[in-house]
A.B. asks: 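Structure below; questions to follow.
All values below come from the heavy atoms of this structure, side chains included, with hydrogens, waters and symmetry mates left out.
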Amino acid sequence: MSIESSCSGAEQLRDLELVTQNLTLGLVQYDGAGCVLTANAAAERIFDMTLHHLREIPFQPPWRMVSEDGKILPEDEQPVPVALRQGESHEQVVGLHWEDQACTWLKVTVLPIASPDGSQSRAYGIFEEITEARRMRQELERLENSLRQAQKMEAIGHLAGGVAHDFNNLLTIILGQAQMLDLFLESPALREKVNEIQKAGERASALTRQLLAFSRKQEAKPKLLNLNSVIRNAVKMLHRLIGEDIELRLDLAENLPHVHADPGQLDQVILNLSVNARDAMPDGGVLTIRTRCCDSSACHHSCDAHCEGGVVMEIGDTGCGMDSETCSRIFEPFFTTKEKDQGTGLGLATVHGIIKQSKGHIRANSQPGVGTSMIVCLPAVTPLEESYHEQSGMRTHLNGGAQTILVVEDEENLRSLAHEVLDYAGYSVLLAANAEEALQILRNRESRIELLLTDVVMPGINGISLARQAQAILPHLRILYMSGYTDRVRDIAALDPNAFLHKPFTPQQLVDKLGALFNADPAGDRPKKP
Ligand code: ADP
Ligand code: MG
């Protein structure tokens with residue numbers, strides 16, 4: 001745009017001066033050596049200096065110029081000297097790092113101008129303040145990152161949940177058949193072998209629970225626990241895990257109040273924290289597991305300000321420790337400082353999830369070169385019962401009733417296992433591979449049917465709608481759902497918490513559950529004759 005001039009040169013200069021002084025952009029004129037000649041009001045504001053002081057800049061500015069990554073810029077890499085050296089316009093983002101640690105971010109454009117005879121040059125610097133815009137951009141990036149992270153977690157959660165679903169079906173068969181075998185075997189040596197199969201199956205089932213805890217699909221099965229017993233139990237496997245170079249010390253407070261948590265999940269917490277401690281001590285050291293009580297008034301010393309008191313478990317090591325940057329990210333999923341095949345970055349994310357689910361909290365205390373303490377605080381509960389005990393080794397007693405049960409399960413092996421178990425326990429059994437078949441049987445029923453035992457997730461009509469349609473045909477039909485896919489468990493639990501059997505279940509659990517259902521509601525609700 002060219003300005004058609006109808007005023008004198010002096011008037012034009014005055015106008016320009018007025019415009020310059022009212023610009024929000026800082027405008028500074030430099031001589032060929034990079035010294036300030038003039039500056040407008042915005043520049044004085046941005047640099048927090050009068051023109052008089054700006055002219056003295058090479059001596060003592062109250063800020064240091066830094067690059068975008070925060071490094072101090074040497075004089076010859078600052079925008080004005082660069083533009084003067086190159087003899088062409090130059091753009092650069094810099095920060096002014098003030099003595100009080102604040103930083104003003106600037107987009108700088110420098111235009112060098114040569115004199116007509118080429119002998120002397122000068123330059124104009126235009127300074128745009130972008131501190132707020134930059135902060136917004138960083139905040140947006142951070143939000144985008146956490147969204148991406150959440151989406152990644154969700155995808156993994158789906159995957160883990162799906163695998164665990166199939167896995168639970170298989171485990172129900174393995175554990176169920178093993179328990180049936182146990183019933184028929186007389187030889188103690190053979191029963192011992194079956195017992196080993198059961199133990200392995202139970203471990204696999206605990207693993208599935210961990211997978212589900214991570215994907216948040218598993219509802220925890222909290223029990224009243226003595227944390228010390230859980231630790232003593234977990235320590236048995238810890239010794240093997242941490243190796244001989246690491247000394248394991250226990251410092252467990254007596255008379256600890258009980259906590260309400262899932263024992264399998266707590267095992268996982270102890271395991272993950274101990275493995276991290278081991279990894280931090282490649283040349284050996286001391287791993288200490290300590291417990292203590294804390295009341296709310298003292299608690300902010302040991303955990304954090306929101307704590308209402310509880311039981312503290314501290315797992316400490318004398319390892320490499322962490323700097324504050326690492327420490328601030330350890331609970332992020334996939335954050336790891338380990339080699340690709342050694343770390344997944346999921347350990348502490350899982351631990352964090354579990355502790356949150358148990359209404360507790362966790363924090364890290366760490367010092368590089370000294371060691372790390374992971375401090376877990378769980379709410380204390382009044383002791384009612386010690387319930388952390390091993391169940392395996394008990395011989396099964398499958399005594400059922402004489403009622404008729406309709407079993408609906410799409411997995412053939414599971415269907416026949418249920419058949420076998422119920423048959424053995426004395427029940428009459430009808431089988432259906434899906435909801436359509438089941439409804440057919442219910443409509444054409446020739447015998448009484450007292451209970452519908454149905455899978456929840458099935459192709460076609462699912463277990464919940466099947467139950468609804470079945471009760472439309474037989475209003476007093478009892479329902480027992482079986483599922484490992486806990487997505488829908490909440491729906492069912494909302495209906496009736498007693499009408500649900502978690503997969504994997506053992507024959508004993510199935511028969512017990514049926515017994516409880518029939519006993520709760522003995523005879524009054526026999527299905528009516530149509
Ligand atoms: P992973 O162990 O797979 O790396 P985690 O979530 O368990 O994932 O831990 C994340 C990171 O936290 C580790 O890579 C490590 O940098 C750091 N960390 C965790 N525990 C400790 C510890 N006890 N000492 C030092 N660093 C630790
Ligand atoms: Mg780990």
Side-chain angles (χ1 to χ4, degrees), residues 162 164-177 180 398 400-507 509-518 521 525-527 530:
H165 172 225
D166 292 344
F167 210 64
N168 270 336
N169 277 346
L170 297 174
L171 280 173
T172 304
I173 297 164
I174 294 170
L175 281 168
Q177 293 294 6
M180 292 305 284
L398 298 181
Q403 293 92 338
T404 301
I405 297 173
L406 171 57
V407 178
V408 192
E409 164 65 63
D410 58 317
E411 174 96 23
E412 193 191 331
N413 288 335
L414 257 179
R415 202 164 59 235
S416 55
L417 173 69
H419 187 185
E420 208 176 321
V421 172
L422 297 177
D423 199 45
Y424 184 91
Y427 292 107
S428 303
V429 185
L430 297 167
L431 296 174
N434 53 48
E436 287 79 2
E437 258 183 60
L439 288 168
Q440 200 64 37
I441 294 174
L442 285 163
R443 286 194 201 98
N444 301 338
R445 68 194 174 283
E446 275 126 28
S447 57
R448 277 194 326 220
I449 300 174
E450 271 98 347
L451 186 139
L452 173 71
L453 171 64
T454 178
D455 192 12
V456 176
V457 181
M458 295 185 288
I461 302 173
N462 69 37
I464 300 176
S465 11
L466 167 63
R468 221 170 279 135
Q469 296 181 43
Q471 281 179 325
I473 303 171
L474 290 179
H476 296 292
L477 186 69
R478 296 176 187 84
I479 311 285
L480 178 56
Y481 298 102
M482 47 181 174
S483 175
Y485 206 55
T486 41
D487 248 0
R488 299 185 187 242
V489 171
R490 283 183 197 93
D491 301 350
I492 303 158
L495 294 175
D496 178 3
N498 295 322
F500 193 77
L501 194 60
H502 282 277
K503 281 181 189 170
F505 52 82
T506 62
Q509 285 163 337
L510 172 59
V511 172
D512 288 351
K513 192 86 187 181
L514 289 170
L517 274 176
F518 284 124
D521 214 358
D525 55 343
R526 288 269 180 262

A.B. asks: Taking ring pair (Phe, Tyr, Trp, His ring centres under 6.0 Å) as the cut-off, I'd like each qualifying pair that reaches into residues 441-464, sequence neighbours left out, listed once.
C.D. replies: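 Checked against ring pair (Phe, Tyr, Trp, His ring centres under 6.0 Å) - neighbours excluded - no pair reaches residues 441-464.
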A.B. asks: What pairs meet the ring pair (Phe, Tyr, Trp, His ring centres under 6.0 Å) rule with one or both residues in residues 434-468, with sequence neighbours excluded?
C.D. replies: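 Residue pairs with at least one partner in residues 434-468: there are none.
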A.B. asks: Specify the closest pair of heavy atoms between A470 and L439, including all atoms of both residues, with the distance to one decimal.
C.D. replies: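 Scanning both residues, the minimum pair turns out to be N-CD2, 4.1 Å.
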A.B. asks: List the atom of T172, the atom of P504, and the distance in Å for their closest heavy-atom pair.
C.D. replies: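 So the two residues come closest at OG1-CA, 2.9 Å.
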A.B. asks: Would you give the length of the straight line joining atom CG of L175 to atom CD of Q509, rounded to the nearest 0.5 angstrom?
C.D. replies: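 L175 atom CG to Q509 atom CD measures 9.0 Å (nearest 0.5 Å).
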A.B. asks: In sequence, state the C-alpha distance, the side-chain angles, and the governing distance for E420 and Q177, and then conclude on side-chain contact (heavy atoms from CB on, under 4.5 Å).
C.D. replies: CA-CA 9 Å; E420 208 176 321; Q177 293 294 6; 3.6 Å; yes
A.B. asks: Quick one: list whatever passes side-chain contact (heavy atoms from CB on, under 4.5 Å) with I479, sequence neighbours left out.
C.D. replies: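 In terms of side-chain contact (heavy atoms from CB on, under 4.5 Å), with neighbours along the sequence ignored, I479 is linked to L452, A467, Q471, L477, Y481.
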A.B. asks: With sequence neighbours left out, which residue pairs that include part of residues 401-411 fulfil the salt bridge (Lys or Arg N to Asp or Glu O under 4.0 Å) condition?
C.D. replies: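 Non-adjacent pairs meeting salt bridge (Lys or Arg N to Asp or Glu O under 4.0 Å): E409-K503.
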A.B. asks: Any chance you could measure L466, atom CG, to M458, atom CE, to the nearest 0.5 Å?
C.D. replies: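 Between L466 CG and M458 CE, I get 5.5 Å after rounding to 0.5 Å.
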A.B. asks: So which heavy atom on A435 is nearest to which on V408, and how close?
C.D. replies: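 Minimum heavy-atom separation between A435 and V408: N-CG1, 4.1 Å.
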A.B. asks: Measuring only between side-chain heavy atoms, which start at C-beta, is T454 closer than 4.5 Å to L480?
C.D. replies: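 Not touching, per the 4.5 Å side-chain cut-off.
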A.B. asks: Using a 6.0 Å cut-off, check whether atom CZ of F505 has over 12 heavy atoms from anything other than its own residue.
C.D. replies: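 It does: F505 CZ has more than 12 such atoms within range.
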A.B. asks: So how far is it from N168 CG to M482 CE, rounded to the nearest 0.5 Å?
C.D. replies: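 So the gap between those two atoms works out to 13.0 Å.
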A.B. asks: Report the distance from atom CG of L431 to atom CD of E412, rounding to the nearest 0.5 Å.
C.D. replies: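 Nearest 0.5 Å value for the CG-CD distance: 10.0 Å.
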A.B. asks: Using the side-chain contact (heavy atoms from CB on, under 4.5 Å) definition, which of the options L422, I405, T404 pairs with L451?
C.D. replies: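 Of all the options given, the one that passes is I405.
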A.B. asks: Between the side chain of K513 and the main-chain N/O of F500, is any donor-acceptor distance below 3.5 Å?
C.D. replies: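 A pair under 3.5 Å: yes.
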A.B. asks: Is there a side-chain contact (heavy atoms from CB on, under 4.5 Å) between L406 and E450 once you walk through the steps?
C.D. replies: CA-CA 8 Å; L406 171 57; E450 271 98 347; over 6 Å; no
A.B. asks: With side-chain hydrogen bond (donor to acceptor under 3.5 Å, both in side chains) as the rule and sequence neighbours excluded, what pairs involving residues 425-443 come up?
C.D. replies: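 Residue pairs with at least one partner in residues 425-443: there are none.
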A.B. asks: For A433 and R415, work out which heavy atoms get closest and say how close.
C.D. replies: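 The pair with the smallest heavy-atom distance is CB-NH1, 3.3 Å.
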A.B. asks: To the nearest 0.5 Å, what is the distance between CG on L414 and CD1 on I173?
C.D. replies: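 The distance works out to 4.0 Å.
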A.B. asks: Determine the sole option in L510, V429, L517 for which the side-chain contact (heavy atoms from CB on, under 4.5 Å) test with L453 is passed.
C.D. replies: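 With L453 as partner, L510, V429, L517 yield a single side-chain contact (heavy atoms from CB on, under 4.5 Å), made by L510.
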A.B. asks: Step by step, work out the side-chain contact (heavy atoms from CB on, under 4.5 Å) result for M180 and L417.
C.D. replies: CA-CA 9 Å; M180 292 305 284; L417 173 69; 4.3 Å; yes
A.B. asks: Restricting to side-chain hydrogen bond (donor to acceptor under 3.5 Å, both in side chains), what partner residues turn up for S465, sequence neighbours left out?
C.D. replies: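 Listed in chain order: N462.
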